[in-house]
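Here is the structure we will look at, set down as structure tokens.
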Amino acid sequence: MVGDAELAIAAAGGDRDSLASIYDRYADTVYELCWAVLRDEHEASDVVQATFVIAATRLGGLRDPDRLKPWLCAIARREAIRRSSKRARNRPSQVEALAVPVIDDSADGLIGNDAVNLVWDAAASLTERERALVVLNVRQGFEGADLADAAGMSSPQVSVMSSRAKSQLAIAVRTALLIRDGRRGCPELSSIVPHAHHALDGVTRKRVARHAQSCENCEPKWNASPDALGVLAAAPLLGAPAALKAKVLDDPRLISTSRPLGGRGWQRDGFPPPEERPRRRVYAALAAAVLLLGVAVGLVLASDNNTQHLVARDRDPTTTVVDESTTTTTPTTSVVPVDGGATATTAGRGRTAPTVRPRAGAAATVRPGSGGVAPTAPRPATTTTSGALRISAAGPSSMTTCSPASVSASTTGGPTRPLYLHYNVGGSTGSRNMQPAGSGWAAQLSVGSAGQGSWWVSTDPSTAAYGSGTTSASHALTVTACA
């Protein structure tokens, strides 16, 4: 079998048969990625065609031809995201999410195509970038540099984002199943999801997740949900339309174009430009900067007005008098002692400023128009400290699937908040709420699948290891099956 490097080099030299072989090898991979981002067969086909045409004009710039697959996926992901952004600008804003049937009496668990379809449909409630990461990581097995380059991100960024995307997918699948099968036995869940069909947007996922982890009826169903990532990884590859190959190989741009396509800014290794931050974040940062600048200017102006008001204020009847016989002609501002141990400020440019001599027991003031500044007593220094919330947790490093293990946690600093116990073992994730125990928190860790993974404690009810809440250190965990 001819390797990727040989095909890439030959196709870069103009060999159309090698380009056709590259298409045969990776068309389904590229199509599935584009479909997962766009959720539309026709638009996915258009992006696949654009991807291979761009690739044909840029194969000569690929520094490492052995990385042909992640390179093609990087181009496809970039073109699909661009198409999705353009579509969003030209269409009214809509929530692209799954309408979940609440009651399905014929359903008895999820098997085969039913499970695959549910996972793909649940993935529709993720963002385009999250869906792309799930396909690249779970479906194509990209990790490390290949995953980062294919996603157009840095390695630390893609690690956090892919972990969150997989966690959100698992939550979406659990939410879909619980909405479908759990409303009949839980009035509270029916009030959270009152309609016969409901979209799996982010708000719904969070509400249902919080409810499931504190409800005796729903928690067992929530934790018994299938392994979404395992189902997705084992699903057959989505196939590109049969007629698409001829459209790609007969594209007139392959003959008429003498320069590389795909825009500017490509990297030296031949990969597309890194993904840019969404514009809305840039605009939000600029708006915040302008707001802070406005507040700062307002504070300066307010301070200046207060100072002028203090200097121009009428003399208090309890304080006197300005001794006109004692003056200084220094052109710069200085502080001189006055009666009673107080100080007064004298200032001016070639003018004389009188020294304030207050009466005993009275504060010194300055006559309006004298050019002096009234002294003020120094304010006592105050410090406010608020320690950040920190979580310490203790629990098992190994256990079996049939023996729950105890986990305890305590917090220091910050306000007291509910804690949640999470685990991720062999791609299977789970979480449950912890109960107050003395001065800390406690919960039983129960894992139904064997493998290597970790557990942690967080203030975030979602299973994301990098969630929005405060998170404890991650503890390694080995789970073995019961004999």
Query - Value rounded to 0.5 Å, distance of OG in Ser162 from CD in Glu143 - result: 9.0 Å
Requested in this report: Return yes if some donor-acceptor pair links the side-chain N/O of Trp455 with the main-chain N/O of Pro396 below 3.5 Å, else return no.
Outcome: yes
**Report entry** Main-chain N/O of Cys186 paired with Asn217 side-chain donor or acceptor, under 3.5 Å
**Finding:** no
Query raised in the report: Can we say Lys245 and Asp24 salt-bridge, meaning some charged N sits less than 4.0 Å from an Asp/Glu carboxylate O?
Result: yes
Requested in this report: Give a yes or no on whether the backbone of Gly262 and the side-chain of Arg78 come within a donor-acceptor separation of less than 3.5 Å.
Outcome: yes
Query raised in the report: Do the non-hydrogen side-chain atoms of Thr175 and Val193 ever get within less than 4.5 Å of each other?
Result: no
Query raised in the report: Has the side chain of Trp456 got a donor or acceptor atom that lies under 3.5 Å from a matching backbone atom of Tyr423?
Result: no
Requested in this report: Decide side-chain contact (heavy atoms from CB on, under 4.5 Å) for Leu38 and Arg83; before the verdict, give the C-alpha distance in whole Å, the side-chain angles of both, and the deciding distance to 0.1 Å.
Outcome: CA-CA 8 Å; Leu38 296 166; Arg83 175 67 68 95; 3.9 Å; yes
Report summary line: Rounded to the nearest 0.5 angstrom, the CZ-CG distance for Arg131 and Leu126 is 7.0 Å
Query - Side-chain (Ser191) to main-chain (Glu188) donor-acceptor, under 3.5 angstrom - result: yes
**Report entry** Thr57 and Arg259: side chain donor to acceptor below 3.5 Å
**Finding:** no
Query raised in the report: Taking all atoms of both residues into account, what is the closest heavy-atom pair of Val47 and Ala76, and its distance?
Result: CG1-O, 4.0 Å
Query raised in the report: Where does the angle between the aromatic ring planes of Trp120 and Trp35 fall among parallel (under 30°), tilted (30 to 60°) and perpendicular (over 60°)?
Result: perpendicular
Query raised in the report: Could you go step by step and tell me if Met153 and Leu133 meet the side-chain contact (heavy atoms from CB on, under 4.5 Å) rule?
Result: CA-CA 11 Å; Met153 302 178 184; Leu133 281 171; 4.1 Å; yes
Report summary line: Shortest non-hydrogen pair, Ala8 vs Pro65, comes out as CB-CB, 3.9 Å
**Report entry** Evaluation steps, side-chain contact (heavy atoms from CB on, under 4.5 Å), between Glu43 and Ser84
**Finding:** CA-CA 9 Å; Glu43 290 193 332; Ser84 177; over 6 Å; no
**Report entry** Reported OH-to-OG1 distance for the pair Tyr420 and Thr459, which is rounded to 0.5 angstrom
**Finding:** 8.5 Å
**Report entry** Shortest non-hydrogen contact from Cys218 toward Leu189
**Finding:** SG-CD2, 4.2 Å
Query raised in the report: Side-chain contact, heavy-atom cut-off 4.5 Å: Leu254 with Val53?
Result: yes
Query raised in the report: To the nearest 0.5 Å, what is the distance between CD (Gln49) and SG (Cys34)?
Result: 11.5 Å
**Report entry** CG on Asp17 to CG on Leu7, rounded to 0.5 Å
**Finding:** 10.5 Å
Report task. Name all residues meeting the side chain to side chain contact (heavy atoms under 4.5 Å, CB included) criterion together with Glu219; count only those two or more places apart in sequence or in a different chain, and write none if there are none. Result -> Asn223, Arg432, Asn433
Report task. Find out whether Leu421 and Gln444 are in side-chain contact, i.e. whether some heavy atom of one side chain is under 4.5 Å from a heavy atom of the other. Result -> no
Query raised in the report: Can you name the closest pair of heavy atoms from Leu232 and Arg139 and give their distance?
Result: O-NH1, 2.6 Å
**Report entry** Between Thr51 and Glu79, a side-chain donor and acceptor under 3.5 Å
**Finding:** no
Query - Verdict with supporting geometry, Leu244 and Tyr23, side-chain contact (heavy atoms from CB on, under 4.5 Å) - result: CA-CA 10 Å; Leu244 186 56; Tyr23 179 90; 3.4 Å; yes
Report task. Would you mind reporting whether Trp266 and Arg58 have side-chain heavy atoms less than 4.5 Å apart? Result -> yes
Query raised in the report: Does the side chain of Gln168 reach to within under 4.5 Å of the side chain of Thr127, using non-hydrogen atoms?
Result: no
Query raised in the report: Between Asn137 and Val158, is any pair of side-chain heavy atoms under 4.5 Å apart?
Result: no
Report task. Return yes if some donor-acceptor pair links the side-chain N/O of Ser163 with the main-chain N/O of Ser159 below 3.5 Å, else return no. Result -> no
Query raised in the report: Checking salt bridge (Lys or Arg N to Asp or Glu O under 4.0 Å) for the pair Asp149/Arg67: CA distance, chi angles, key distance, verdict?
Result: CA-CA 10 Å; Asp149 289 339; Arg67 301 186 69 199; 2.7 Å; yes
Query raised in the report: Hey, are the side chains of Lys69 and Thr29 touching, using non-hydrogen atoms and a 4.5 Å cut-off?
Result: yes
**Report entry** Donor-acceptor contact present, side-chain Glu32 to main-chain Leu237, <3.5 Å
**Finding:** no
Report task. Check whether more than 12 heavy atoms from other residues, nucleotides or ligands sit under 6.0 Å from atom CZ of Arg253, and answer yes or no. Result -> yes
Query raised in the report: What pair of heavy atoms forms the shortest contact from Asp146 to Phe142, and how long is it?
Result: CB-CD2, 4.1 Å
Query - Glu6 atom CD: more than 12 heavy-atom contacts under 6.0 Å - result: yes
Query raised in the report: If you take all heavy atoms of Arg87 and Val37, which pair is closest and at what distance?
Result: NH2-O, 4.4 Å
Report task. Determine whether Val407 and Met434 make a side-chain contact, defined as any pair of heavy atoms from C-beta on separated by less than 4.5 Å. Result -> yes
Query raised in the report: To the nearest 0.5 Å, what is the distance between OH (Tyr26) and CD (Gln140)?
Result: 9.5 Å
